[in-house]
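Keep in mind that this is a model prediction, so the values were computed, not measured.
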Amino acid sequence: MYFLYTIIASLAVFFILKWLKKRRYCTDLRRLDGKTIIITGGNSGIGKETAIALAMRGARVIIACRDPDKAEKAVREIKLKSHSLNVLHMELDLANLSSVREFCKSFLQREKKLDILVNNAGMPGVLEWTDNNFSMCFGVNHLGHFLLTNLLLPRLKECAPSRVITLTCSSYKYQKLDFQDLNYNQLPFFTYCRSKLANIYFSQEVARITEGKGVTSYAVHPGFVQSGWTCHYSILFRMLVQVIMWMFFVPCEIGAQTVIYCAVSDEAAKHSGGYFIDCRPATLRPFARDAAVAKKLWEASERLVNLA
Ligand SMILES: NC(=O)c1ccc[n+]([C@@H]2O[C@H](COP(=O)([O-])OP(=O)(O)OC[C@H]3O[C@@H](n4cnc5c(N)ncnc54)[C@H](OP(=O)(O)O)[C@@H]3O)[C@@H](O)[C@H]2O)c1
Ligand SMILES: *[C@@H]1O[C@H](CO)[C@@H](O)[C@H](O)[C@H]1NC(C)=O
Ligand SMILES: *[C@@H]1O[C@H](CO)[C@@H](O)[C@H](O)[C@H]1NC(C)=O
């Protein structure tokens, strides 16, 4: 009898979890022939799945990665899975602002077009510091992408209509920015939340300053995804999280859907500056829609990365 109960309970749990993890796919099948796309951190997780999907639609995909060996391996996999040879990698370390500048310089020399920039790379909450002594989350997730986008913006404008997509996280709502301490590095999870909130303000400000110039900007929460982010933690933590991820998180292929949606959809383009979850616009907490804070963060970031 207990045996039967166990089976019924297990089946129930299985189907409830399956139902909880049900997500929408991007149903817009537009092709991207002739488009050039940069995906930061395209060597793993959501970035790699995005690269496969966009290469499959005919785009020239450049993954911008810090580790050339991992990047080379990923390019091979992306080519194989997308049946496209138009995939390459370039070196970019977002934790090093000189590296960001060098990347942009060589990209702008080598490539004529840039139609879509996907600011995907990200560090989970770790209490480390970047090469420029910024807190790792704020430095990589926000400042690195801030400088990257600024340096590539002229090219994006030339190639209008073009898009900037920035990965954020729904956990933005647990923190606020402290302008006295943008490099806050106390509780790992909170440093992550703040950097993801910065991504949201950043994405809105990109939309504002490019309004009417043919560039649109999107902030995406990909859902909770079974990606490689746990590699930054101890084996014990990883084993624990692995179980939770297996139960509640979605595969990377699904995590990439809203990014793909924002890359191709006309419907998304009507909501430049918006926040997207599960292939549709979502609502932000009012504090995260504060244009004055977005502007203030933009100006503070300009000073921090030495943009005149
Ligand atoms: N997974 C989730 O549940 C979840 C939820 C909400 C939001 N997100 C966001 O989704 C994005 C993608 O993350 P993921 O889940 O796919 O994680 P992931 O598998 O860990 O991928 C992160 C990517 O970022 C790259 N990266 C990290 N630091 C970098 C640096 N300094 N310079 C250049 N690249 C760097 C990593 O490169 P290496 O391989 O060399 O480390 C890796 O390719 C992130 O922005 C994350 O915050 C994820
Ligand atoms: C930062 O990047 C530059 C340019 O790629 C490189 O010369 C420099 O050594 C890097 N700094 C560190 C601390 O790795
Ligand atoms: C970062 O801080 C360390 C130690 O505090 C220092 O040695 C290093 O020179 C600093 N690096 C930069 C780029 O300011």
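With sequence neighbours excluded, the residues that form a side-chain hydrogen bond (donor to acceptor under 3.5 Å, both in side chains) with Thr216 are Tyr218.
Between Thr50 and Asn120, the side chains place no donor N or O within less than 3.5 Å of an acceptor N or O (distance only, hydrogens not considered).
Using a distance-only test at 3.5 Å, with no hydrogens or angles considered, a donor-acceptor pair links the side chain of Arg155 to the main chain of Glu111. With hydrogens and angles ignored, the 3.5 Å screen pairs a side-chain donor or acceptor of Ser10 with a backbone N or O of Thr6. A distance-only check finds a donor-acceptor pair linking the side chain of Arg23 to the backbone of Leu20 [under 3.5 Å].
Separating the CD1 atom in Ile39 from the CD1 atom in Ile78 is a distance of 7.0 Å, to the nearest 0.5 Å. Note: Ile165 CD1 to Ile37 CD1 = 8.0 Å, rounded to the nearest 0.5 Å. Atom CG of Leu114 sits about 14.0 Å away from atom NZ of Lys112, to the nearest 0.5 Å. Between the NZ atom in Lys48 and the NZ atom in Lys81 there is a gap of 6.0 Å [rounded to 0.5 Å]. Atom SG of Cys137 and atom CZ of Arg194 lie 11.5 Å apart (nearest 0.5 Å).
No more than 12 heavy atoms of other residues, nucleotides or ligands shown are found within 6.0 angstrom of NZ on Lys73.
Nearest approach of Lys21 to Trp246, heavy atoms of both residues: NZ-O, 3.1 Å.
The six-membered or imidazole ring of Trp298 lies near that of Phe202, with a centre-to-centre distance under 6.0 Å.
The shortest side-chain heavy-atom distance between Asn43 and His89 does not fall under the 4.5 Å cut-off. At a threshold of 4.5 Å between non-hydrogen side-chain atoms, the residues Tyr184 and Phe190 count as touching. Residues Pro222 and Thr258 form no side-chain contact, since every pair of their non-hydrogen atoms from C-beta on lies 4.5 Å or further apart. Within the 4.5 Å cutoff, side-chain heavy atoms of Leu304 are placed close to those of Leu182.
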Side-chain atoms of residues 138-148: list all donor-acceptor pairs with protein atoms under 3.5 Å, sequence neighbours left out, distances to 0.1 Å.
| unit_1 | atom_1 | unit_2 | atom_2 | d |
| --- | --- | --- | --- | --- |
| Asn141 | OD1 | Met123 | N | 2.8 |
| Asn141 | ND2 | Met123 | O | 3.1 |
| Asn141 | ND2 | Ser195 | OG | 3.0 |
| His142 | NE2 | Ser301 | OG | 2.8 |
| His145 | ND1 | Asn141 | O | 3.0 |
| His145 | NE2 | Thr40 | OG1 | 2.9 |

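Ring planes of Tyr275 and Tyr172: perpendicular class, angle over 60° (limits at 30 and 60°). Between Phe107 and Phe103, the ring planes lie parallel to each other; the angle is under 30°, not in the 30° to 60° tilted range.
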For this session: Start with the C-alpha distance between Leu156 and Val164, add both sets of side-chain angles, then the distance that settles side chain to side chain contact (heavy atoms under 4.5 Å, CB included), and finish with yes or no.
Result: CA-CA 9 Å; Leu156 284 160; Val164 179; 3.7 Å; yes

